[in-house]
Participant: 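First the structure, which I've put down as structure tokens, then a few questions once you've had a look.
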Amino acid sequence: MRHEAFVLEGTNMSELLQNHNFKFQKKYGQNFLQDVKIPRRIAMECTSFVFPEGDVVPDEKADSLILEIGPGAGILTKELAKRFKKVVAVEIDTSLEGVLKESLEGYDNIEVVFSDIMDIDLVPFLNEKRKREDGTLMPVSVCANLPYYITTPIIMKLLEEYPEFNYITVMVQKEVAVRLCAPAGDSEYGAITAQINLFGKAKRLFTVPSGCFYPRPKIDSAVIRIELYSQPKYDNDVAKETSSVIKNAFAMRRKTLSNALSGMYPKLTKEELGSIIAETLGKGSDVRGEKLTTDEFAKLSQRLKDYK
């Protein structure tokens with residue numbers, strides 16, 4: 001496969017990093033995109049939400065804020081900045097400061113914040129960043145190449161802490177992408193899948209071969225998009241209660257749902273719990289959590305909330 005390499009004024013990715021004495025840190029799970037066709041395609045997928053002809057850079061940038069997590073050397077950041085009014089890139093590795101300064105030179109609509117995204121209070125942070133000059137708020141979405149080691153915590157933080165994202169487009173491990181988009185009953189369906197469905201629907205967009213990264217990881221990646229419900233499907237209390245039920249249901253996959261949830265509801269015997277599950281969901285008392293849709297988990301959590 002021929003890759004269109006990342007080039008900055010005649011400098012390729014490895015030279016750019018070497019010029020700034022950058023050393024990859026394993027603890028951050030750093031694998032940077034080096035094939036520009038991939039970030040360009042990711043950015044186009046995002047743009048298509050605003051401009052149906054998303055395969056071209058519009059003359060007028062979309063009036064939106066994009067939150068990027070882990071910009072690396074800035075290859076995706078630049079593609080987003082060409083298409084959106086403002087990009088805020090949060091980077092944990094301060095040793096990339098020189099790399100990003102050079103890579104993003106000339107783009108006045110990019111702000112790089114050196115911080116751990118997990119430490120940021122998203123509501124005040126994003127509400128301040130998305131302000132227009134007249135005080136109104138721009139729409140906000142997420143686009144990122146997520147570090148493999150912390151994919152799930154980041155996704156859940158985004159979903160649980162900030163309900164106003166239009167969509168979340170992220171690149172993750174290929175195997176994780178399959179799991180995030182799996183339907184109930186599928187062997188890949190898990191707690192994270194059901195929890196995502198509390199907030200929106202995940203769709204797999206395309207696969208990214210490992211050779212598109214530097215250094216090259218051992219596995220392929222895939223880009224997914226979580227399209228958030230235009231109006232919250234569940235209120236906060238229901239979402240929190242349902243999320244707790246989901247986590248317990250999948251903590252021990254081989255157990256029946258009544259056994260897996262028995263610790264949550266000490267007022268009920270396992271037999272009583274099984275009867276309520278069967279009555280509420282119209283399923284056998286021996287059903288397992290991986291067979292339940294998110295709507296069924298929500299229905300059950302509300303039926304059981306008084307038995308804690």
Side-chain angles (χ1 to χ4, degrees), residues 33 38-39 41-50 54 62 64-71 76 79-80 83-84 87-90 117-118 120 122-123 125-126 130 138-184 186 188-208 220-236 238-240 242-243 246-247 250 292-295 297-298:
L33 283 166
I38 302 303
R41 183 175 177 184
I42 296 171
M44 290 190 303
E45 289 283 358
C46 295
T47 315
S48 65
F49 262 77
V50 184
S64 298
L65 167 69
I66 296 293
L67 172 65
E68 184 187 12
I69 301 162
L76 174 58
E79 293 297 329
L80 293 169
R83 294 165 170 82
F84 294 92
V87 178
V88 173
V90 177
I117 189 65
M118 299 303 291
I120 291 177
L122 292 179
V123 172
F125 178 77
L126 289 174
R130 62 190 286 212
M138 287 186 286
V140 57
S141 298
V142 177
C143 188
N145 171 21
L146 294 182
Y148 290 163
Y149 76 100
I150 199 171
T151 294
T152 296
I154 289 178
I155 289 176
M156 291 312 302
K157 177 184 175 70
L158 295 172
L159 292 172
E160 292 175 345
E161 288 190 18
Y162 203 80
E164 296 187 44
F165 291 121
N166 285 356
Y167 56 85
I168 297 172
T169 301
V170 289
M171 183 154 51
V172 298
Q173 285 179 318
K174 183 179 177 180
E175 292 80 2
V176 173
V178 171
R179 191 178 312 136
L180 298 182
C181 301
D186 189 276
E188 296 294 335
Y189 182 72
I192 181 63
T193 326
Q195 288 174 298
I196 283 176
N197 291 342
L198 288 168
F199 305 93
K201 293 292 182 182
K203 176 184 179 182
R204 184 172 166 184
L205 300 180
F206 59 93
T207 300
V208 181
D220 292 341
S221 298
V223 177
I224 68 161
R225 179 166 58 224
I226 303 172
E227 298 179 11
L228 286 300
Y229 302 129
S230 56
Q231 296 294 327
K233 192 172 184 179
Y234 310 97
D235 65 33
N236 288 338
V238 173
K240 287 179 181 178
T242 304
S243 182
I246 290 170
K247 289 176 184 176
F250 284 94
L292 269 60
T293 66
T294 302
D295 285 341
F297 275 119

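In this text the structure is predicted, and so the values were computed from the model without any measurement. Positions are given from 1 along the sequence.
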Participant: Could you check whether any side-chain heavy atom of Ile42 comes within less than 4.5 Å of a side-chain heavy atom of Phe206, counting everything from C-beta outward?
Facilitator: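 When only atoms from C-beta onward are counted, Phe206 and Ile42 do touch, with a gap below 4.5 Å.
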Participant: Ignoring hydrogens and angles, tell me if any N or O in the side chain of Arg130 forms a donor-acceptor pair with the backbone of Met138 under 3.5 Å.
Facilitator: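 Checked: pair present.
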Participant: Has Lys174 got more than 12 heavy atoms of other residues, nucleotides or ligands less than 6.0 Å from its NZ?
Facilitator: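 Not buried by this count: 12 neighbours or fewer within 6.0 Å.
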Participant: Mark yes or no for whether Tyr234, through its side chain, and Lys240, through its backbone, hold a donor-acceptor pair below 3.5 Å.
Facilitator: no
Participant: For residues Phe125 and Val90, determine if any side-chain heavy atom of one lies less than 4.5 Å from a side-chain heavy atom of the other.
Facilitator: yes
Participant: Checking the side chain of Thr193 only, and the main-chain atoms of Arg179 only, is there a donor and an acceptor separated by less than 3.5 Å?
Facilitator: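 Confirmed, Thr193 side chain pairs with Arg179 backbone.
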Participant: Any side-chain heavy-atom pair from Leu67 and Leu158 closer than 4.5 angstrom?
Facilitator: yes
Participant: Which atom pair, heavy atoms only, marks the closest approach of Ala298 to Thr242?
Facilitator: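 Heavy-atom minimum between the residues: CA-OG1, 3.4 Å.
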Participant: Any heavy-atom pair between the side chains of Tyr162 and Val142 that's under 4.5 Å?
Facilitator: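 No, every pair of side-chain atoms sits at 4.5 Å or beyond.
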Participant: Are Leu126 and Glu164 side-chain neighbours, meaning at least one heavy-atom pair lies under 4.5 Å?
Facilitator: no
Participant: Would you say Val238 and Leu198 make side-chain contact, with heavy atoms under 4.5 Å?
Facilitator: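 No, too far: nothing below the 4.5 Å cut-off.
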Participant: For Ile155, which of Leu146, Ile150, Val176, Ile168 qualifies under side chain to side chain contact (heavy atoms under 4.5 Å, CB included)?
Facilitator: Leu146
Participant: If we only count heavy atoms from C-beta on, is the Glu161 to Val123 side-chain gap below 4.5 Å?
Facilitator: no
Participant: Donor-acceptor pair, Ser141 side chain versus Ile66 backbone, under 3.5 Å?
Facilitator: no
Participant: Using side-chain heavy atoms (C-beta onward) and a distance below 4.5 Å, is Met44 in contact with Arg83?
Facilitator: yes
Participant: Which distance, rounded to the nearest 0.5 Å, do you find between the CD of Glu188 and the SG of Cys181?
Facilitator: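 Nearest 0.5 Å value for the CD-SG distance: 11.0 Å.
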Participant: Please round to the nearest 0.5 Å and tell me the distance separating atom CG of Leu80 and atom OG of Ser64.
Facilitator: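 If I round to the nearest 0.5 Å, the distance is 11.5 Å.
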Participant: Could you tell me which non-hydrogen atom of Lys247 sits nearest to which non-hydrogen atom of Gln195, and how far apart they are?
Facilitator: CE-NE2, 3.1 Å
Participant: Is a donor on one side and an acceptor on the other found under 3.5 Å between the side chain of Lys157 and the backbone of Ile120?
Facilitator: yes
Participant: Going from OG1 on Thr207 to CG on Asp220, what distance comes out if it is rounded to the nearest 0.5 angstrom?
Facilitator: 7.0 Å
Participant: Between Phe250 and Phe297, how do the two ring planes meet: parallel, tilted or perpendicular, split at 30° and 60°?
Facilitator: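 Taking Phe297 first and then Phe250, their aromatic rings sit tilted (interplane angle of 30° to 60°).
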Participant: Looking at Lys233, Gln231, Glu227, which hits side chain to side chain contact (heavy atoms under 4.5 Å, CB included) with Tyr229?
Facilitator: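 Per the side chain to side chain contact (heavy atoms under 4.5 Å, CB included) rule, the option paired with Tyr229 is Lys233, out of Lys233, Gln231, Glu227.
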